[in-house]
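Okay, structure first, notes after.
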Amino acid sequence: MTMEHGEDCCVKVAVHARPLIGDEKLQGCKDCVTVVPGKPQVQIGTHSFTFDHVYGSSGTPSTAMFDECVAPLVEGLFQGYNATVLAYGQTGSGKTYTMGTACKEGTHVGIIPRAMAALFDKIEKLKNQVDFQLRVSFIEILKEEVRDLLDPATVTAGKVENGNGHTGKLSVPGKPPVQIREGSNGVITLSGSTEVHVTTQKEMTTCLEQGSLSRATGSTNMNNQSSHAIFTITLEQMRKADPIMASDGMPIEEMNDDYLCAKLHLVDLAGSERAKRTGSDGLRFKEVFTSTEDFWPLATS
Ligand SMILES: Nc1ncnc2c1ncn2[C@@H]1O[C@H](COP(=O)(O)OP(=O)(O)OP(=O)(O)O)[C@@H](O)[C@H]1O
């Protein structure tokens, strides 16, 4: 998790330890990670590892994670600070669960839905003094390819049932792939990715749900290869300073318009063990690291 405040630049690392789930309990698996009481520390065998925060499995309750780690980043957006939240971990470790990337109404609420709620709460409070514009994009990076999960052609093409019983959406062929470009000013842009203007939390949630469905279909068709998913919220603000009024009620100063634009990237990374597995397989290794490089400029832009 990153946040830049003037000259300060910090990266914070939080661990979210998930409990054993159904199958693991049935197979008699045992927790191999112990949380050290009262410290942001975990122990694996005789080794101890200290982080900025440890949540879950008897560490700080998971519900505190959003308030301590992500809420300040959402606040920072309103001051024009970009931020990135990355979920990193082995396949099945709970990245998607923690991020809430595949959120469904009535299920567990992860970081992304909570960030949306906090964003719209703040907008509601400030809407009389500030004009807001919100856009979202949702992309997936697999090998060298960037897929646009909000591509309207995909979204309107309808639902299909694939051979594995998963429901997905038809992809319309012919659309050029999304390109990552660096401008002369060093700004990284995604050429050809869809940016959806949203005005309500419901519209933003719909984008997340539609994109997640596209992603799930993609991975089924691609032999379950893990991919990076990046949900980006762009917040533009036009502040309007209160004009100083003359006695006749006319403003005696020009209104000062103060424009701010900031992005929050919420990233659900591919399973981290893929890099290890590819250590014995040159081609896979190259694939994983190609997509990590593709992803990196986005995370820091
Ligand atoms: N904190 C948690 N509490 C309870 N169940 C959890 C928790 N975290 C994850 N799970 C469950 O563990 C399983 C795996 O989680 P999830 O799909 O989020 O893993 P992942 O790291 O995103 O995997 P992949 O890399 O394959 O996408 C899911 O069934 C999920 O519901």
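Just so you know, ligand 1 is whichever comes first in the structure, and atom 1 is the first atom listed for that ligand.
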Polar contacts were defined as any N/O atom of the residue lying under 3.5 Å from an N/O atom of the ligand; does this apply to [X] and ligand 1?
X	answer
D268	no
T96	yes
G94	yes
P19	no

With sequence neighbours excluded, residues passing ring pair (Phe, Tyr, Trp, His ring centres under 6.0 Å) with F132: F78
Can you sort out which atoms of ligand 1 are near H16, meaning under 4.0 Å from one of its heavy atoms?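 Within the 4.0 Å cut-off of H16, ligand 1 contributes 1 (N).
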Atom indices of ligand 1, in the order listed, that fall short of 4.0 Å to a heavy atom of Q90: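 Result: 21 (O).
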With a heavy-atom distance limit of 4.0 Å, tell me whether I21 approaches ligand 1 through its side chain, its backbone, both, or neither.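 Just the side chain.
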Distance col, row S93:OG vs R18:CZ, nearest 0.5 angstrom, shows 7.0 Å
Tell me, yes or no, whether the heavy-atom count around Q133 atom CD, taken from other residues, nucleotides or ligands under 6.0 Å, exceeds 12.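 Count not over threshold, so no.
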Is there a side chain to side chain contact (heavy atoms under 4.5 Å, CB included) between T205 and M116 once you walk through the steps? CA-CA 8 Å; T205 304; M116 290 179 187; 3.7 Å; yes
F138 versus S212, closest heavy-atom pair with distance: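 So the two residues come closest at CE2-N, 3.5 Å.
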Closest by any non-hydrogen atom to atom 7 (C) of ligand 1: pick that one out of Y88, Y55, Y97.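 Nearest option to atom 7 (C) of ligand 1, by heavy atoms: Y97.
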When H265 is tested against each of T232, N82, T84 for side-chain hydrogen bond (donor to acceptor under 3.5 Å, both in side chains), which residue passes?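 For H265, the side-chain hydrogen bond (donor to acceptor under 3.5 Å, both in side chains) test succeeds with only one of T232, N82, T84, which is T232.
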